[in-house]
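Right, one structure below, let's go through it.
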Amino acid sequence: MAPECPCALHGAIRRARSWAASLIFVAVVFGPLIALLAQTGASARAGDLGDASSLLLADRQAVLLGRSMGLAAGTALAALLVGLAVATVLWGWRRAPWSHLRWLAVVLAPVPPYIHGMAWMHASAVLSRLLAARGLAPLPFRGWGAAWFVGTMAQLPLAVGLALIGLEMVDPAQFEAARLLAPDVQALSDIALPLSAPFLAAGGALLFILGLTDYGLPSLFAVNTYAMEPFAEYSATSEPARAFVLSFPLLVLACVAVFYLQRALRDAASTRARGQRSAGVALSWPAGLRAIHLGALLTLAVHIAVPAVALATVIASPSGWLETLRLARGEIGLTTRICLITSVLSLPLALIAAERMRATGSAGRIWRVMVGLPLAVPASLVGVGLISLRQHVLPPALTDGSSLLVLAALARFAPYAALVLLAQMRRQDPLLSDAARVMQTSPWQGWWRVRLPLLAPGLLAAGCIVFALTAGELGATLALAPPGHATITMRIYTYLHYGATDEVAGLCLAMVLLAAVAGGAAAWALARGPRRAGVGGGRSDD
Amino acid sequence: MIEVRAVVKRFGEVPVLEGVSLELERGASLGILGASGSGKTTLLRIIAGLELPESGEVLMDGRVVSRRGWGMAPHRRGLGFVFQSPALWPHMTVAGNVSFGLRSLAAPEARARLGRIIEDTGLGRLEQRYPAQLSGGQARRVAIARALAPQPEWLLMDEPLSNLDRAARDEMLALVEHIVAESRAGLIYVTHDESELERLACRVLRLTEGRLIGDETR
Ligand SMILES: Nc1ncnc2c1ncn2[C@@H]1O[C@H](COP(=O)(O)OP(=O)(O)O)[C@@H](O)[C@H]1O
Ligand SMILES: [Mg+2]
């Protein structure tokens, strides 16, 4: 405990500082939504929304929403099942000396879904040409089935990561106690899975909501999903309020998903750090499960190999690829700048949120909801909200195209950074920073010399992930579409309309590489971090 | 019979066990003393099959169950293991935890066995509680009941009394003594506290610098 400070002023200043920090987070992350809400309220009072409710309840929309939910549930379920199978294999390797390499399975997670979509379209086109050369019918790779399949592939790395985190949250001693009494499968099915089930369910809810709010990938396969509606309405009418009303069902579903997410985050935040344990004995699975594992690992390999190979083969030559990149150097430069600024700015926001999320009681709950909710807000709403902010609130200095893109990316991705930091904090022995709190000569010293260095790997990882996510941001970027400020994603989208496949593939490949490098760096930082920082000073038995 | 033959174990560069050998007749009771970090837990985990030796062998009833690169699955060794922490499964009641190892039995027999062990360990009124609703001493009794329920031939205990207060320790010691005698299981009891072994073990070995020394018979 810090000694009681005699002067009340000190406490008041500290509280004011804490409130100011919270307000900054809320303003940046929720500003666009709040602006939309305000504008919708104003429009409703002015009677501009007269037909909005009929618009919302139209049959066509109900059917569309139902189908979109079906698609999102289908992809989330498939991705989670395959992801769980992969994760059990990886989990079994947790004690190998190279165990941190397992996280490589997750590096493609920040690749935006529409890039998977384009890669698979290329792949199916190549396959169709081969089939046609043999006089066979081309592949009908369109529609809901294709959208489901590619959506599953796109969600696979995230699903693997979530399932692996869920399994790693299981106390090794509890699992070993079961191994002594029953075969490994039973220890898995009766102990490890039930213990990680709440986290897995929350992961499924997250995948569902990410799928439901993404329109980029389905639209590539000529599938119209509900997530497109608010954006289409806004494009047609330029009225932010109508877009907001149309996203209402999505927001309600998002809130339900966030409820589960919040509880899982609480569990994740309160799980204690565990020391690195002994090498242990390899798990042995029955033949049936081994076959499932093999299938899942092959699927994982396919989800990486097909995009990589498909994109690489479309590119005529390495020099052609370099030429594509050279021609796009303006976009690449702008994108890099936006990504760098966003990832640096997201870190203080993430720190604010991550520390508060760990609190017990209602304060912690509110913060976990506040971090979970933005993950579920449709990207186009953030864009539209920023437009109404620009009209009414933002200082002129922040209204140019690239500032808006930074603001949009911050609102969308700062919460991801907070989650990464939370994960990093969870893996540290709380006694390490408690000791600093007791022994520090000033709060600043404790923070700078102990807590920040302990968090450094988490900060690095969070920054990398925000960088990669920002590079691939599409939903808000399209809504904002600042004139004269083309990013790589916008370039890809425009090229796509002209059907210039060589350029598209070249830029997509660059994106995949970038996401892989950023994701790999993040995985490396997170995997190495706690060991260097010494979890609890070695091994502990409980 | 358990035989440990010249078992060597290292973690990276750090040698932990450097040729540990041990022979125990069925039903015998052995205490192993050693300072913290001397490798006691590692030795028990190797016997249980949770860890494999770098070289050397572990035999049970004349059969090799562990050697370099191969080990019989832990649950097929007929051992009970009480860890240093209770490691109860939080999603199961006390009854669920204890009967986990009884699934191969027919239901009526499993129920009878559960009833008996619950009574022997004094857990009568706690059966339907979850681990979060137990005190430290109660949780340890559940851990012991869980280990003994399948009637193992050997019970391995790894400092089962750490973090308990004086009164709870005495109570637990008495319980362990009674219940081990009752079950006729052999006992390997690991501790850094010599006083715990006075009544439990007829043979005491010391683990220092990776070797077992000083066979005392009482
Ligand atoms: N997984 C591991 N990695 C590295 N060192 C380990 C590991 N497990 C145990 N050790 C080391 O082996 C030694 C013996 O550990 P342990 O068997 O737990 O001792 P005890 O139970 O007697 O306290 C200690 O020095 C410990 O640090
Ligand atoms: Mg020990």
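The structure presented is a predicted model; accordingly, all values stated were derived computationally and were not measured.
Neither the backbone nor the side chain of A:Ala197 comes within less than 4.5 Å of any heavy atom in chain B. For B:Leu102, no part sits under 4.5 Å from any heavy atom of chain A, backbone or side chain. Looking at B:Ala73, neither its backbone nor its side chain comes within 4.5 Å of chain A, counting heavy atoms on both sides. No part of B:Arg76 comes within reach of chain A, as not one of its non-hydrogen atoms sits under 4.5 angstrom from that chain.
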One pair to check against side chain to side chain contact (heavy atoms under 4.5 Å, CB included): B:Trp89 and A:Asp190. What are the steps and the verdict?
CA-CA 10 Å; B:Trp89 302 308; A:Asp190 291 5; over 6 Å; no
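Counted within 6.0 Å of CD on B:Glu119, heavy atoms from surrounding residues, nucleotides or ligands total 12 or fewer; the atom is thus considered open. Under a cut-off of 6.0 angstrom, the local environment of CZ in B:Arg103 is crowded, with over 12 non-hydrogen atoms contributed by other residues, nucleotides or ligands.
Chosen from B:Pro74, B:Pro86, B:Gly101, the residue pairing most often with chain A at heavy-atom distances under 4.5 Å is B:Pro74. Considering only heavy-atom pairs separated by less than 4.5 Å from chain B, the leading option among A:Pro194, A:Pro183, A:Ser284, A:Ala187 is A:Pro183.
Here the OG-NE2 distance, from A:Ser196 to B:His91, works out to 9.5 Å after rounding to the nearest 0.5 Å. Between the CD atom in A:Glu176 and the CZ atom in B:Phe81 there is a gap of 8.0 Å [rounded to 0.5 Å]. Rounding to the nearest 0.5 angstrom, the gap separating the CG atom in A:Leu180 from the CZ atom in B:Arg77 is 9.5 Å.
Judged purely by atom type and a 3.5 angstrom limit, B:His75 has no side-chain atom pairing as donor or acceptor with the backbone of A:Leu181. Put simply, the side chain of A:Gln174 gets close to the backbone of B:Leu88: a donor and an acceptor are under 3.5 Å apart.
Nearest heavy-atom pair across B:Ala87 and A:Ala177 is O-CB, 4.1 Å.
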